[in-house]
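Have a look at the structure below before the remarks.
Residue numbers start from 1 in every chain, and the chains themselves are labelled A, B, ... in the order their sequence lines are given, proteins ahead of strands.
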Amino acid sequence: MRLFGLFKGKKKDPAPPGDEAGVDKAAVDDTTAPQEAAEQEEQPRLDAGLEKTRSRMGGGLRALFGGRALDDELIEQIEEELLLADTGIDATRTILDTLRREAKRARTTSEVRDILRRTLVDMLVPRESEPSQPPPGQPWVMLVVGVNGSGKTTTIGKLAQRLQAAGHSVALAAGDTFRAAAVEQLQQWGARVGVPVIAQKTGSDSAAVIHDALAHARSRGIEIVLADTAGRLHTQANLMDELRKVRRVIARFDETAPHETLLVLDGGSGQNALVQARQFGAAVDVTGLAITKLDGTAKGGIAFAIVQETGLPIRFIGVGEKPEDLRPFDPEAFVDALLGNE
Amino acid sequence: MFDSLTERLGKTLKNVRGQGRLTEDNIRDTMREIRMALLEADVALPVVKQFVERARQRALGREVVRSVSPGQALIKVVNDELVAVMGGEQTELNLRTRPPAVILVAGLQGAGKTTTVAKLARRLSERDRKRVAVVSADIHRPAARDQLETLAGEVGVQYLGVAGANDAVGIARGALEEARRSAHDVLIVDTAGRLAIDEAMMAEVRDVHAALEPAETLFVVDSLSGQDAAQTAKAFDEALPLTGVVLTKTDGDARGGAALSVRMVTGKPIKFLGAGEKTDALEVFHPDRVASRILGKGDVVSLVEEAQQNVDTDKADKLAKKLKKGKGFDLSDLREQLDQMNQMGGISAMMDKLPGMGGMSQAQMQQAAGAAGQTTHMIAIIDSMTPTERRRPDSINGSRKRRIANGSGTRVQDVNRLLKQHTQMSKMMKRASKKGGMQKMMRGMGGAGQIPPGMGGS
Ligand SMILES: Nc1nc2c(ncn2[C@@H]2O[C@H](COP(=O)(O)OP(=O)(O)OP(=O)(O)O)[C@@H](O)[C@H]2O)c(=O)[nH]1
Ligand SMILES: Nc1nc2c(ncn2[C@@H]2O[C@H](COP(=O)(O)OP(=O)(O)OP(=O)(O)O)[C@@H](O)[C@H]2O)c(=O)[nH]1
Ligand SMILES: [Mg+2]
Ligand SMILES: [Mg+2]
């Protein structure tokens with residue numbers, strides 16, 4: 001099962017039809033129509049979502065490129081804008097170093113601008129990017145992890161909606177058995193987008209619930225299982241152990257699973273998001289990132305630091321609380337929004 | 001990645017120490033490092049600038065420039081300023097109003113509002129014996145009201161289900177009426193998470209606020225949050241206005257610069273810290289702890305504490321001047337030095353307090369510190385002397401020695417040893433003050449093993 005059509009931004013051409021295995025082709029073909037339809041209406045939303053980012057940062061930067069070459073003052077202003085966007089000191093330094101080096105001979109401001117844009121886009125290119133695939137007859141499993149309140153459950157709801165709309169069969173596993181009404185929250189999302197939710201009572205074993213969901217999916221021929229987990233801070237050793245156990249139980253069910261371990265990061269978070277990426281990565285072998293709440297914050301700069309350090313691909317961004325408010329991550333669109341390119 | 005401030009400052013401070021005094025130059029270097037540390041802690045950039053300027057002004061003040069240990073004094077200034085900015089006001093809830101006193105809780109999505117409502121409810125009902133009711137005016141997030149209702153059950157307070165109302169203001173009004181009717185002391189109202197730029201949602205919470213006239217309006221902010229916390233806090237404060245702040249998820253390892261941002265931007269006191277998911281994980285705010293966390297955890301605290309151990313830098317100053325003028329190092333001076341060694345746990349402090357010192361290895365310092373245990377004896381001996389004896393050690397003859405030994409509970413040999421060491425030390429002090437550099441003096445003493453040498457035993 002290839003979910004690639006769903007992971008990709010709209011600018012990317014889908015792989016040529018001959019490339020795909022039979023099932024995958026069907027999946028991609030199925031996606032095309034609804035996905036495009038969805039994106040037609042999503043485009044303005046992303047724009048609206050990133051508008052703040054744009055007006056803050058882009059506005060600032062656009063104003064900077066008024067017609068001078070790269071001097072210290074301009075460097076300093078770019079630095080401030082980057083810091084204000086949560087880019088962090090190290091990534092900002094890297095960006096500025098590259099810019100100084102590359103833009104030395106740049107004569108026009110539009111050249112400087114292009115170099116900055118390329119630098120930023122380059123930094124978002126991940127080292128690896130394709131989720132692995134299950135053996136035939138087994139569900140494709142995504143384990144969703146992250147700190148408290150980052151947007152895991154909501155991202156699962158939105159993703160379910162997308163996958164469902166693309167013609168996939170989906171089940172949700174209510175692996176947050178800790179937080180009050182976490183199960184009910186996921187159940188309401190399931191009802192909203194029309195996918196089944198496999199759940200037990202609050203307080204039961206998270207790994208057991210997820211295992212249940214996998215068995216359920218296999219027996220019903222459900223293609224995709226999205227497994228929610230309780231939010232946890234990476235400093236809580238026992239909870240990180242619990243997460244490792246969840247992962248082990250999933251792997252016992254199917255040694256190729258989970259096929260994606262998605263770390264959900266709050267787009268409004270500061271430098272700690274890097275530590276989160278590192279720690280969750282070490283504990284459960286994260287394979288992809290989602291950055292949420294980018295509709296509101298003037299941020300997103302954190303993406304540079306994280307991809308630079310972890311090499312992980314950003315799969316999605318969240319730009320609102322509604323089911324349709326999830327976008328595949330597109331580095332160029334992201335940077336353009338940041339720089340205020342029209 | 002997260003160099004601690006002390007690591008960051010290490011080099012800068014060494015320079016500062018080397019020069020013996022703070023200059024505008026090395027203050028600027030240090031302040032740049034502090035700026036970095038604050039940014040790494042997610043303090044908002046405009047707040048960083050404002051804060052660093054404040055601290056710089058204070059650092060330029062007499063107390064630091066005159067200090068013999070400028071590096072530590074500088075960190076202390078920054079730390080103190082941080083504590084002063086964040087603390088100061090009372091952090092208790094002010095619920096003195098006609099009951100039911102309303103507490104309204106607001107903030108960004110996922111900050112921890114609902115959890116905080118449950119924690120406050122528990123604290124007020126268990127600790128303060130109030131009759132507490134809670135309600136959720138969150139009509140947006142799936143199962144938001146289930147979440148609070150469940151938590152209310154857990155902490156044993158009443159959840160007011162308002163039948164018929166399906167908008168936030170309606171729910172809030174209905175709950176207030178109900179709380180009044182049922183004679184609750186406190187009503188805590190949860191709201192949906194919202195972005196400050198979402199005008200419709202900000203209008204909603206403004207209306208809720210207007211309908212409730214809360215005694216407390218608390219802004220819940222995630223300690224993991226970044227640069228935007230300042231802007232968001234400002235927008236909420238302008239819309240509502242706020243009476244206080246709750247900083248959540250402090251059980252993590254984020255440096256929590258948002259605390260400083262929010263405090264400086266709104267001027268509203270931080271009243272509580274959320275330190276866990278459980279309903280008892282609510283702590284009163286301690287500005288000093290949060291300050292040291294923002295600056296880089298324990299390192300700075302210990303540095304500051306060291307600096308705070310009342311080492312009288314003025315005295316060290318005086319001694320240095322006296323030595324420079326070529327005046328002798330008498331027994332009173334030795335006593336003062338010993339006293340400081342005691343307080344600071346070793347010679348290292350003395351090194352720092354004297355101009356032109358520093359650069360000793362850690363091992364040397366530790367060795368030197370080993371001798372500190374004996375200082376109490378030495379002090380006792382000097383204390384048994386008359387002022388004249390202290391000023392003129394050569395006047396101490398045999399009978400005086402016996403008297404001193406008796407008075408201090410030591411033996412005559414001990415008194416002899418002390419006098420001998422004083423002679424050696426005063427020679428070295430003279431040399432040190434001429435050539436500068438305590439290290440030479442240490443070498444002159446045949447290694448830093450015992451300060452003063454030969455004082456072992458007893
Ligand atoms: N504006 C905005 N809000 C979002 C987005 N994603 C999630 N949220 C909101 O953030 C809050 C927390 O989201 P959840 O999905 O419950 O987060 P979680 O990570 O599952 O939280 P825990 O399970 O408690 O750790 C909810 O109010 C969501 O509606 C987004 O992209 N934009
Ligand atoms: N570790 C830790 N987790 C916390 C703390 N406070 C809240 N949480 C967790 O953070 C997540 C979000 O908390 P909520 O209380 O649901 O946040 P909220 O602000 O009500 O969220 P919305 O209503 O969706 O805007 C949950 O998983 C809570 O358990 C805290 O102090 N420490
Ligand atoms: Mg959740
Ligand atoms: Mg809530």
Is there a donor-acceptor pair closer than 3.5 Å between any side-chain N or O of A/D86 and the backbone N or O of B/G226?
no
With only heavy atoms counted, which part of B/K113 is less than 4.5 Å from chain A, the side chain, the backbone, both or neither?
neither
Side chain proximity check, A/E321 to B/R194, heavy atoms < 4.5 angstrom:
no
Assert top hit (heavy-atom pairs under 4.5 Å, partner chain A, pool B/G112, B/G110, B/A143) equals B/A143
Which atoms of B/D251 approach chain A - backbone, side chain, both or neither, heavy atom under 4.5 Å
both
To the nearest 0.5 Å, atom CG of B/D228 lies from atom OG of A/S269 at 11.5 Å
As an exercise, state the distance from CG of A/L84 to CD of B/Q227, rounded to the nearest 0.5 Å.
5.5 Å
Looking only at side-chain N and O atoms, does A/N272 offer a donor or acceptor that is under 3.5 Å from a partner on B/D253?
yes
Distance, nearest 0.5 Å, that separates CG of B/L108 from NZ of A/K293:
7.5 Å
CD (B/Q109) and OG1 (A/T154) are apart, to the nearest 0.5 Å, by 9.0 Å
From the list B/L224, B/D222, B/T232, the residue making the most non-hydrogen contacts under 4.5 Å with chain A is B/L224
Could you list which of residues 181-191 of chain A have a heavy atom closer than 4.5 Å to any heavy atom of chain B, in residue-number order?
A/A181, A/E184, A/Q185, A/Q188, A/W189
Once you round to the nearest 0.5 Å, how far does CG of B/D198 lie from CG of A/D295?
8.5 Å
If you count heavy-atom pairs under 4.5 Å between each of B/A44, B/G257, B/P142 and chain A, which one has the most?
B/P142
Which atoms of B/E277 approach chain A - backbone, side chain, both or neither, heavy atom under 4.5 Å
side chain
Most heavy-atom pairs under 4.5 angstrom with chain B, which of A/N148, A/L83, A/T153?
A/N148
Mind ranking A/R192, A/H234, A/R232 by heavy-atom pairs under 4.5 Å with chain B and telling me who comes out on top?
A/H234
Expected list for residues 145-158 of chain B: side-chain donor-acceptor pairs under 3.5 angstrom, two or more places apart:
| unit_1 | atom_1 | unit_2 | atom_2 | d |
| --- | --- | --- | --- | --- |
| B/T150 | OG1 | B/D146 | O | 2.7 |
| B/Q158 | OE1 | B/H184 | NE2 | 3.3 |

